[in-house]
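Input: a single structure, listed below in structure tokens.
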There are 2 protein chains.
Amino acid sequence: MMANVNSYTWSMPTPDRTSLADIVAAGRDLLESDGPARLTMQAVADRVGVRAPSLYKRVRNREELMDLIAEASVRDLGARLRAVAEAEPDARGRLRALAVALREFAHAHPAAFHLVFTPPPGTSGSRPESLAVASAPLIEVAGELAGPERALDAARTVTAWANGFLGMELGGSFRLGGDLDAAFDYGIDALARALTASGD
Amino acid sequence: MMANVNSYTWSMPTPDRTSLADIVAAGRDLLESDGPARLTMQAVADRVGVRAPSLYKRVRNREELMDLIAEASVRDLGARLRAVAEAEPDARGRLRALAVALREFAHAHPAAFHLVFTPPPGTSGSRPESLAVASAPLIEVAGELAGPERALDAARTVTAWANGFLGMELGGSFRLGGDLDAAFDYGIDALARALTASGD
DNA sequence: ACCTGAACACCGTTCAAGT
DNA sequence: ACCTGAACACCGTTCAAGT
């Protein structure tokens with residue numbers, strides 16, 4: 001028996017009105033422009049032209065959406081850091097270039113930076129592998145400066161400093177005035193000195 | 001003419017059923033035990049034995065309550081750091097003792113630590129003066145190690161590192177294994193080396 | 001399969017009415 | 001003056017009903 005495909009009982013499948021990519025992109029825009037508190041399922045739905053419940057066809061819940069935003073952001077950051085690292089063969093110069101690039105990313109996408117490096121309780125943040133890939137150039141240069149023995153400790157010292165500095169800068173926690181560009185510079189040099197000196 | 005104080009039109013003022021101190025204490029407990037998302041006006045009210053609307057007699061809104069919790073926490077931290085600093089005259093040993101005390105505080109009160117050093121957008125966090133008082137011992141030792149010229153930059157490098165390390169440790173961002181105690185130790189030594197070396 | 005309105009539980013907050 | 005119930009606006013999320 002043939003399938004019933006008479007023209008009046010059959011109808012074209014309506015094209016989807018949105019997509020996961022659209023939703024994540026809208027979320028990233030909203031996060032940066034309005035802050036996390038106003039990154040609302042309703043607001044995202046408005047922006048992609050659909051009602052809020054429809055988002056749950058593409059995303060399990062708001063937390064997963066936040067994680068997807070963190071994931072997309074960390075990939076962008078990783079690509080940028082990789083490009084910067086390739087352009088600078090000298091280890092000390094590369095440490096500086098990577099730190100500066102990280103700071104530029106933090107200034108350009110402060111909310112995304114915060115989401116990636118300080119995921120709010122309840123969310124998981126970006127996938128661990130993605131964060132590892134993005135951090136690889138920094139870990140590598142730390143190893144070059146401090147030696148393979150101390151690579152991990154050295155990398156953690158650098159990332160902790162950078163993360164802390166940028167988090168405090170974005171959060172307005174440096175309240176004693178002074179030149180933050182110079183303070184960042186001082187920090188880079190101090191760490192380069194410290195990692196280079198053996199310490200044994 | 002005498003005031004009307006006939007016994008049947010006059011009544012004892014009921015004693016207050018709670019206080020600002022009670023509310024802040026309940027908030028601190030809840031924050032640490034249940035996390036910021038469940039630090040709810042309703043939950044605080046339940047704990048102090050009143051209805052949620054009554055809290056607004058003592059506190060402007062939830063954000064102010066969060067700020068009061070941050071303020072109380074930073075004062076505790078400041079007192080602890082001051083005591084540690086007084087007990088250790090050697091600058092390098094004092095840097096280590098302060099860093100360790102800060103880490104102990106972060107481990108003992110992780111949610112409060114996070115609230116103080118990464119106040120969520122919308123809140124103001126603790127009063128700037130209170131944070132300055134709490135940070136004073138660290139700024140002072142940084143100045144002793146790096147010299148008065150570089151005191152502020154050096155202090156920012158140390159606090160950025162400590163803040164970043166502990167934020168990442170509490171947030172579970174160190175995912176490559178290894179000994180975190182040793183990594184923290186390495187960081188302290190690296191910073192002490194870096195601040196001591198002139199860099200000019 | 002995707003989309004929607006309606007509904008639910010749960011927030012923070014306000015306010016008139018009680019004592 | 002403090003406390004309360006009731007109400008409001010606004011969340012995230014579920015689900016039956018539509019196409």
Side-chain angles (χ1 to χ4, degrees), chain A residues 3-24 26-27 30-31 34-70 115 119-124, chain B residues 3-24 26-27 30-31 34-70 115 119-124:
Chain A
N4 179 345
V5 286
N6 296 329
S7 63
Y8 42 87
T9 63
W10 177 88
S11 58
M12 283 288 289
T14 318
D16 294 357
R17 300 192 196 164
T18 185
S19 68
L20 183 58
D22 277 356
I23 291 169
V24 174
L30 267 169
L31 175 66
D34 291 19
R38 297 171 67 169
L39 175 52
T40 267
M41 298 303 270
Q42 172 69 40
V44 172
D46 283 354
R47 197 170 273 231
V48 300
V50 95
R51 301 291 181 174
S54 299
L55 298 179
Y56 293 84
K57 283 284 153 182
R58 309 254 197 286
V59 142
R60 197 166 7 133
N61 52 30
R62 182 177 182 271
E63 286 175 8
E64 188 181 270
L65 175 55
M66 305 271 283
D67 290 343
L68 289 169
I69 293 171
L115 182 63
T123 68
S124 345
Chain B
N4 179 345
V5 287
N6 297 329
S7 62
Y8 42 88
T9 64
W10 177 89
S11 61
M12 282 287 289
T14 318
D16 294 356
R17 299 193 197 164
T18 185
S19 68
L20 183 58
D22 278 355
I23 290 168
V24 173
L30 268 169
L31 175 66
D34 290 19
R38 296 170 67 167
L39 174 52
T40 272
M41 298 303 270
Q42 172 68 38
V44 172
D46 282 354
R47 198 169 272 231
V48 301
V50 307
R51 301 293 181 170
S54 300
L55 299 178
Y56 293 83
K57 284 284 153 183
R58 310 256 197 285
V59 140
R60 196 165 9 129
N61 50 33
R62 184 176 181 270
E63 285 176 9
E64 188 180 272
L65 175 56
M66 304 272 281
D67 290 343
L68 289 169
I69 293 171
L115 182 63
T123 69
S124 348

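In what follows, every chain begins at residue 1, and chains take the letters A, B, ... in the order their sequences are listed. Basis for what follows: all heavy atoms, side chains included, without hydrogens, waters or symmetry-related copies. All figures in this text were calculated on a predicted structure; none of them were measured in a lab.
- Using a 4.0 Å cut-off, no side-chain N or O of T40(A) falls inside it from OP1 or OP2 of dC10(D).
- Rounding to whole angstrom units, CG of residue N61(B) and P of dC11(C) are separated by 17 Å.
- Atom-to-atom, CG of L30(B) to P of dG12(C) comes out at 11 Å; the value is rounded to the nearest Å.
- Distance OH (Y56(A)) to P (dT14(D)): 7 Å, rounded to an integer number of Å.
- Nearest approach of A26(A) to V44(A), heavy atoms of both residues: CB-CG1, 4.4 Å.
- Using a distance-only test at 3.5 Å, with no hydrogens or angles considered, a donor-acceptor pair links the side chain of R62(B) to the main chain of L39(B).
- Between L55(B) and V48(B), some side-chain heavy-atom pair lies under the 4.5 Å cut-off.
- Contact detail for L65(B) and M41(B): the closest heavy-atom pair is CD2-SD, 4.3 Å.
- In this entry the distance linking CD of Q42(B) with P of dA9(C) reads 15 Å, nearest Å.
- Distance M41(A) CE to dC11(C) P: 19 Å, rounded to the nearest Å.
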With 3.5 Å as the limit, what N/O pairs link the protein to nucleotides 1-4 of chain D?
unit_1	atom_1	unit_2	atom_2	d
dC3(D)	OP1	R17(B)	N	2.7
dC3(D)	O3'	R17(B)	NH1	3.1
dT4(D)	OP1	R17(B)	NH1	3.3
dT4(D)	OP2	R51(B)	N	2.8
dT4(D)	OP2	S54(B)	OG	3.0

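- The CZ atom of R47(A) sits 4.0 Å away from the CG atom of L30(A) when rounded to the nearest 0.5 Å.
- Minimum heavy-atom separation, A70(B) to L115(B): N-CD2, 3.8 Å.
- Remark: C1' of dG12(C) and CD of E64(B) are 14 Å apart, rounded to the nearest angstrom.
- Atom CZ of R62(A) is separated from atom P of dC11(D) by 10 Å (rounded to the nearest Å).
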Which dot-bracket notation, 5' to 3', represents the base pairing of DNA chain D when pairs are defined as Watson-Crick or G-U with both distances under 3.5 Å, crossing pairs as [ ], and inter-strand pairs as |? ||.|||||...|||||.||

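- For the pair L65(A) CG and dC11(D) P, the computed distance is 15 Å after rounding to whole Å.
- The pair D16(A)-K57(A) does not count as a salt bridge, with every side-chain nitrogen at least 4.0 angstrom from each carboxylate oxygen.
- The closest donor-acceptor contact from the side chain of S19(B) to the backbone of D22(B) lies under 3.5 Å.
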